[in-house]
Amino acid sequence: MPETVGVLSLQGDFERHLVALDRIGVPGREVRTVADLDECSRLIIPGGESTTLGILLRRCGLDQAIPERARAGMPIWGTCMGLILLAKEVEGSDQWTLGLLDVTVRRNAFGRQVYSFETDLTIRGLERPFHAVFIRAPIVTRLGVGVEPIAEHEGKVVAVRSGKMLGTAFHPELTEDSRVHELFLNL
Ligand code: GLN
């Protein structure tokens, strides 16, 4: 299949991911149905509201289709809410997730005071620091077997990789720097 990167577009910050893909010349596609997903070789789950998206996914059957594609080897990247949706466990909550990445996350982990912030992050695999935008971001509080932390902020894990899964607590689609998109395309 020729490379087409699906961006889950039921809710949230999907448009900026499509713009970022366009900037690096990779075909992107909005994913709203199982049929859309079938046209894609990779999937990005953007930022948004994880409880809302969970409900929408179950309504259109993507709650089953995404794990099936993941088991068949499809690379998946979750940014912010996307990371929460991929996680096996959400701290202090029994909210529904896809459970594809063996980590525990803490939602809104930087507190209500620090609603959002920007910082230069060192990310394993990238030569220069990456300017990262955090918006009500989660952190990873438990790493399962085979999950590699690839970035930390103030000692907290904010990016992970496991096989063909990538999770970032920040929003690379909100800056002009395409290096994390490229990192995903190289998984
Ligand atoms: N706080 C949101 C959630 O818990 C995630 C925020 C985001 O994706 N920017 O779902």
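These numbers were taken from a predicted model, which means no experiment stands behind them. Along the sequence shown, residues are numbered consecutively beginning with 1.
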Q | Between CG on residue Leu183 and CD1 on residue Ile150, distance to nearest 0.5 Å | A |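 Reported to 0.5 Å precision, the distance equals 5.5 Å.
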Q) For the atom pair CD (Glu118) and CZ (Phe134), what is the distance rounded to the nearest 0.5 Å? A)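 If we round to the nearest 0.5 Å, Glu118:CD and Phe134:CZ are 10.5 Å apart.
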Q | Derivation and outcome, side-chain hydrogen bond (donor to acceptor under 3.5 Å, both in side chains), residues Glu30 and Ser9 | A | CA-CA 6 Å; Glu30 294 181 5; Ser9 302; 4.6 Å; no
Nearest non-hydrogen partners of [X] and [Y], listed with the distance:
X      : Y      : answer
Ile123 : Phe130 : CD1-CB, 3.7 Å
Gln11  : Pro46  : O-CG, 4.3 Å
Thr4   : Glu39  : CB-O, 3.6 Å
Gly28  : Leu18  : C-CD2, 3.8 Å
Glu152 : Pro149 : OE2-CB, 3.7 Å
Asp13  : Arg16  : OD1-CG, 3.5 Å

Q) Do Val158 and Thr168 come close enough that some side-chain heavy atom pair is under 4.5 Å? A) no
Q) Lys88 versus Thr104: any side-chain heavy-atom pair under 4.5 Å? A)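 They are not in contact (no side-chain heavy atoms under 4.5 Å apart), so the answer is no.
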Q) Does the separation of the ring centres of Phe117 and His153 fall below 6.0 angstrom? A) yes
Q | Glu3 and Ser41: CA distance, side-chain angles, deciding distance, side-chain hydrogen bond (donor to acceptor under 3.5 Å, both in side chains) verdict | A | CA-CA 6 Å; Glu3 190 82 88; Ser41 51; 2.5 Å; yes
(Q) Show, in sequence, the C-alpha distance, side-chain angles and deciding distance for Thr141 and Glu91, and conclude whether the side-chain hydrogen bond (donor to acceptor under 3.5 Å, both in side chains) test is met. (A) CA-CA 8 Å; Thr141 55; Glu91 243 183 54; 2.8 Å; yes
Q: Give a yes-or-no answer on whether the side chains of Ser162 and Glu148 include a donor-acceptor pair shorter than 3.5 Å.
A: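 Judged by distance alone, the side chains do not pair up.
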Q: May I ask you to decide if Val90's main-chain N or O and Ser93's side chain share a donor-acceptor pair within less than 3.5 Å?
A: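 No, Ser93 side chain to Val90 backbone: no donor-acceptor pair under 3.5 Å.
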Q | Flag, side chain of Asn186 to backbone of Glu182, donor-acceptor distance under 3.5 Å | A | yes
Q) Is the closest basic N to carboxylate O distance between Glu49 and Arg107 below 4.0 Å? A)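 Yes.
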Q: Take Asp120 and Arg128 through the test salt bridge (charged side-chain N to carboxylate O under 4.0 Å, His left out) and record every step on the way to the result.
A: CA-CA 9 Å; Asp120 288 330; Arg128 283 172 292 106; over 6 Å; no
Q: Please step through side-chain hydrogen bond (donor to acceptor under 3.5 Å, both in side chains) for the pair Thr119 and His131, ending with a clear verdict.
A: CA-CA 6 Å; Thr119 188; His131 191 72; over 6 Å; no
Q. What orientation do Phe184 and Trp77 show, parallel under 30°, tilted 30 to 60°, or perpendicular over 60°?
A. tilted
Q) Are Val5 and Leu43 close enough, and set up right, to give a side chain to side chain contact (heavy atoms under 4.5 Å, CB included), and what steps lead you there? A) CA-CA 6 Å; Val5 180; Leu43 180 68; over 6 Å; no
**Q.** Same apolar cluster: Val19 and Leu174, side chain cutoff 4.5 Å
**A.**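 Val19 does not cluster with Leu174.
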Q) Do Val31 and Ile55 share a hydrophobic cluster, counting only Ile, Leu, Val, Met, Phe, Trp and Tyr and linking them when any side-chain heavy atoms are less than 4.5 Å apart? A) no
Q: Quick one: do Ile45 and Leu86 satisfy side chain to side chain contact (heavy atoms under 4.5 Å, CB included)? Show the steps, please.
A: CA-CA 9 Å; Ile45 305 180; Leu86 286 178; 4.1 Å; yes
Q.
Under the criterion side chain to side chain contact (heavy atoms under 4.5 Å, CB included), I'd like the reasoning laid out for His171 against Ile135: C-alpha separation, chi angles, the key distance, then a yes or no.
A. CA-CA 8 Å; His171 291 267; Ile135 304 169; 4.0 Å; yes
